[in-house]
Amino acid sequence: MAYVINIDTGGTFTDGYVTGPAGSIRAKVDTTPHDLTVGILACIDRAASLLEMSRPELLRQTDAVRFSTTIGTNTLINRSGPKIGLLLGETLGDPLVAELAAGLPLDRELVQLVPETEQDGASVIAAVHTLLERGARILVVALSSGADLPAREGALRSRIAADYPRHYLGAVPVLASHQVTLAPDPRVRVQTAVLNAYLHPGMSRVLYRVEVQLRTDGYRHPLLVANADAGTSRVAKTTALRTWGSGPAGGVAGALELTRELGLQHVVTLDVGGTSSDISVVEQDGWRYAVQPLIEGIEVALPAVALESVGVGGGSIARVADGRVRVGPESMGAQPGPAAFGLGGQEATVTDAACCLGIFDPDHFLGGRKRLDVEAAGAVVRARVAEPLGVGVTEAAVRILDTAADGIAQVIGKQLRRQGLVSSEAALFASGGAGGLLAHAVADRAGLAAVYGFTVNSVFSAFGLSRLDISHSYEALPGTALGEDLAGLWERARRDMQGEGIDTSAVTYAIEGEVVGADGDVRVVALGDETDAAVAAAGALHNGQLRLARLRATSAGVRGALPLADGASLATRGQRALHLGDRVASLPVFDWDTGAAGAELHGPAILESAETTLLIPPGARGRIGALGEIVLPLADGSQP
């Protein structure tokens, strides 16, 4: 059995989940914002060292490396992308220019209206000259919608390439909107294309650098990049925007497999990271898709796993406003991070509050690889929260965690109500670095049935990546040529899968449609698994309902075994002093990795592995399941 490496780069930590002959390995290192490649390779080095190998030894025995990234998120937050020059079809007009410039990272002076065809080539080149003189470093061609959109945009790109061949130093990348999406709404299509171009240079630079280094070290297969729709593809077949939210999407895929394995019906996934928490609802038959999600408030055509983010994470800043504690959405990020990390953080955070209450062992955080500065944590909690409220540090820390849990629980409640689900019939899968701190409090406030925590909690998104398939998707517009277009996409999908080195006989195909309902909402419906059936299903829809058809080609990814409870007995790591209200209690600390199926725990207690900590509050009772999961039923919950 060969190894499979899964890496998720988050805002604070880079997580790894590696499966192979020895079972599964979890690796966690600091994210390196100055150069994400450093953290990615350090994570692989960490996993290799746990396996008593070098990086090249591990990579030579690896069948798949999957990777998800926050490069896009960081690029938009820091506004570090290149200047975009937009060549916009003149029939779309100035009103759209004003709307685009108001929301996108796009200066109005870097938009030029151009003819809808290449016939007036001189005016196109004049517009390109203007954009380059104004500092544009990547160009986007976006013309008005229509069946001939690819032909018109392709002709303009060819005209530009004739004057700026790629081998010239003065050449700039030119991306066409139809290459990213055929979404019929020109505003959404242009926004999607511009954001993709904004993320493209930084994304491609890091991904190709990582892939080159992996190959140098002996890896023989393509690097697989996770996408927002919970599939993967090699770097050359991935558009930058599709990687947005890929880590959380992988986590949802992992949660779905565990949901089915455990026989649960409704699960709320909660991934509490350093800067935010991602929430999704999973049912036995899968997750929901968001057809046109918002990215930094901008609507884009990006079919993605439906996630809702709330600005509360381990590094979220806590402060007092109007006599009340507020947590987030501002965060201390990876640098300098919480004050407890000892890197100069001067704001109180959720992690600092947990330190003040004694939840962490300051000498053995992350298995002893990081020492926490409890005094620094106490100082910022005192200065930023306790003194403004006129309370002690312990009370201030409790209020910070309560506020964080309240904010997350409110979002979960709203999401369940929107989907018509009953809170008391849903379980909570809490993961991420801070998930174990807040899990029980969040579930209690949201009225959920039970809390489930897993030994892979601290690297849950990386674990989820290990369950992903290789997937490509292609779009076609409805109309009389739909059957011909789908047939062409089918052949294109076969070629792409062959390029991935995949036996095409093992590829499955599905055709789906984006359908506009009577209320204006867009949903995704299945149209069949072959062309004629899809065309017939499309024809049965009322006029105007089908706005886009999509072919998905999927090949099963290389998977490792699920984690199992393989301990003989639940060992204790000793005692830890925990501040519980107005008293200090000595709590037993249990080693999660030694848990045997059926072992029971009674709160208050702490369940801990090398990378994660789960708080079991007073009165709570839990047991270890066959997958090493801890199950904490709530008083009113109907699930085990």
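Model, not experiment: these values are computed from the prediction.
Between Leu131 and Leu139, the closest side-chain pair of non-hydrogen atoms falls below 4.5 Å. In this structure the side chain of Gln191 reaches within 4.5 angstrom of the side chain of Leu104, judged on heavy atoms. Within the 4.5 Å cutoff, side-chain heavy atoms of Val97 are placed close to those of Asp94. Contact annotation: the side chain of Val524 approaches that of Val291 to within less than 4.5 Å [non-hydrogen atoms, C-beta and beyond]. Two residues are said to be in side-chain contact when any heavy atoms from C-beta on lie closer than 4.5 Å; Arg492 and Arg495 meet this criterion. Looking at Ser277 and Leu270, their side chains come closer than 4.5 Å, going by heavy atoms from C-beta outward. Ile470 places none of its side-chain heavy atoms less than 4.5 Å from the side chain of Thr554. You'll find the side chain of Ile7 reaches within 4.5 Å of the side chain of Thr14, heavy atoms only.
Under the side chain to side chain contact (heavy atoms under 4.5 Å, CB included) test applied with Glu299, the options Val188, Asp185, Thr192 reduce to a single match, Val188. When Asp485, Leu546, Leu541 are each tested for a side chain to side chain contact (heavy atoms under 4.5 Å, CB included) with Pro478, only one passes: Leu546.
With Arg260 contributing its side chain and Gln284 its backbone, the two residues share a donor-acceptor pair below 3.5 Å. Side chain of Ser461 to backbone of Gly247: a donor-acceptor contact under 3.5 angstrom is found. Asp469 places no side-chain N or O within 3.5 Å of a backbone atom of Ser471 that could act as its donor or acceptor partner. A donor-acceptor distance shorter than 3.5 angstrom exists from the side chain of Arg157 to the backbone of Val174, with no hydrogens or angles considered. The closest donor-acceptor contact from the side chain of Glu116 to the backbone of Leu143 lies at 3.5 Å or more, if one exists at all. The backbone N or O of Ala306 sits less than 3.5 Å from a side-chain atom of Ser280, completing a donor-acceptor pair. Side-chain N or O atoms of Ser246 include none that pairs as donor or acceptor with a backbone N or O of Ser68 at under 3.5 Å. The backbone N or O of Leu223 lies less than 3.5 Å from a partner atom in the side chain of Glu211, making a donor-acceptor pair. The closest donor-acceptor contact from the side chain of Tyr509 to the backbone of Asp529 lies at 3.5 Å or more, if one exists at all. A donor-acceptor pair is defined here as one N or O able to donate and one able to accept, closer than 3.5 Å; such a pair exists between the side chain of Gln179 and the backbone of Ala176.
Below 30°, between 30° and 60°, or above 60°: for Tyr17 and Phe463 the angle between ring planes is above 60°, a perpendicular geometry. The aromatic rings of Phe454 and Phe460 sit tilted relative to each other, their planes meeting at an angle between 30° and 60°.
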(request) Check step by step if salt bridge (Lys or Arg N to Asp or Glu O under 4.0 Å) holds for Arg209 and Asp35. (result) CA-CA 11 Å; Arg209 187 187 305 158; Asp35 184 353; 2.9 Å; yes

(request) Test side chain to side chain contact (heavy atoms under 4.5 Å, CB included) on Asp229 and Tyr289 and set out the steps. (result) CA-CA 8 Å; Asp229 61 357; Tyr289 278 103; 3.9 Å; yes

(request) Let me see the working for Phe67 and Thr69 under side chain to side chain contact (heavy atoms under 4.5 Å, CB included), right down to the final yes or no. (result) CA-CA 7 Å; Phe67 173 61; Thr69 175; 3.6 Å; yes

(message) Before you tell me yes or no, could you show the steps for Leu307 and Val252 under side chain to side chain contact (heavy atoms under 4.5 Å, CB included), namely the whole-Å CA-CA distance, both residues' side-chain angles and the distance that decides it to 0.1 Å?
(response) CA-CA 9 Å; Leu307 290 160; Val252 173; 3.7 Å; yes

(request) Please report the C-alpha distance between Glu153 and Arg189 in whole Å, then the side-chain angles of each, then the deciding distance to 0.1 Å, and finally whether the salt bridge (Lys or Arg N to Asp or Glu O under 4.0 Å) criterion is met. (result) CA-CA 13 Å; Glu153 289 188 344; Arg189 176 166 49 83; 3.6 Å; yes

(message) Applying side chain to side chain contact (heavy atoms under 4.5 Å, CB included) to Glu90 and Ser144, what does each step give before you reach the verdict?
(response) CA-CA 8 Å; Glu90 58 189 2; Ser144 59; over 6 Å; no

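Applying the salt bridge (charged side-chain N to carboxylate O under 4.0 Å, His left out) test to every pair with at least one member in residues 277-293, sequence neighbours left out, gives no pairs at all. Note on residues 215-251: pairs passing ring pair (Phe, Tyr, Trp, His ring centres under 6.0 Å), not counting sequence neighbours, are Tyr219-His221. For residues 504-513, the salt bridge (charged side-chain N to carboxylate O under 4.0 Å, His left out) pairs, not counting sequence neighbours, are Glu512-Arg550, Glu512-Arg552.
Ion pairing between a basic and an acidic side chain is recognised when a charged N comes within 4.0 Å of a carboxylate O; Arg60 and Asp217 show no such pairing. Salt bridge annotation for Asp496-Arg234: absent, with no cationic side-chain nitrogen under 4.0 angstrom from a carboxylate oxygen.
Side-chain contact check for Thr37 and Gln213: no donor-acceptor pair (N or O, by modelled atom type) lies under 3.5 Å.
Between Thr9 and Ile40, the closest heavy-atom pair is OG1-CG1, 3.7 Å.
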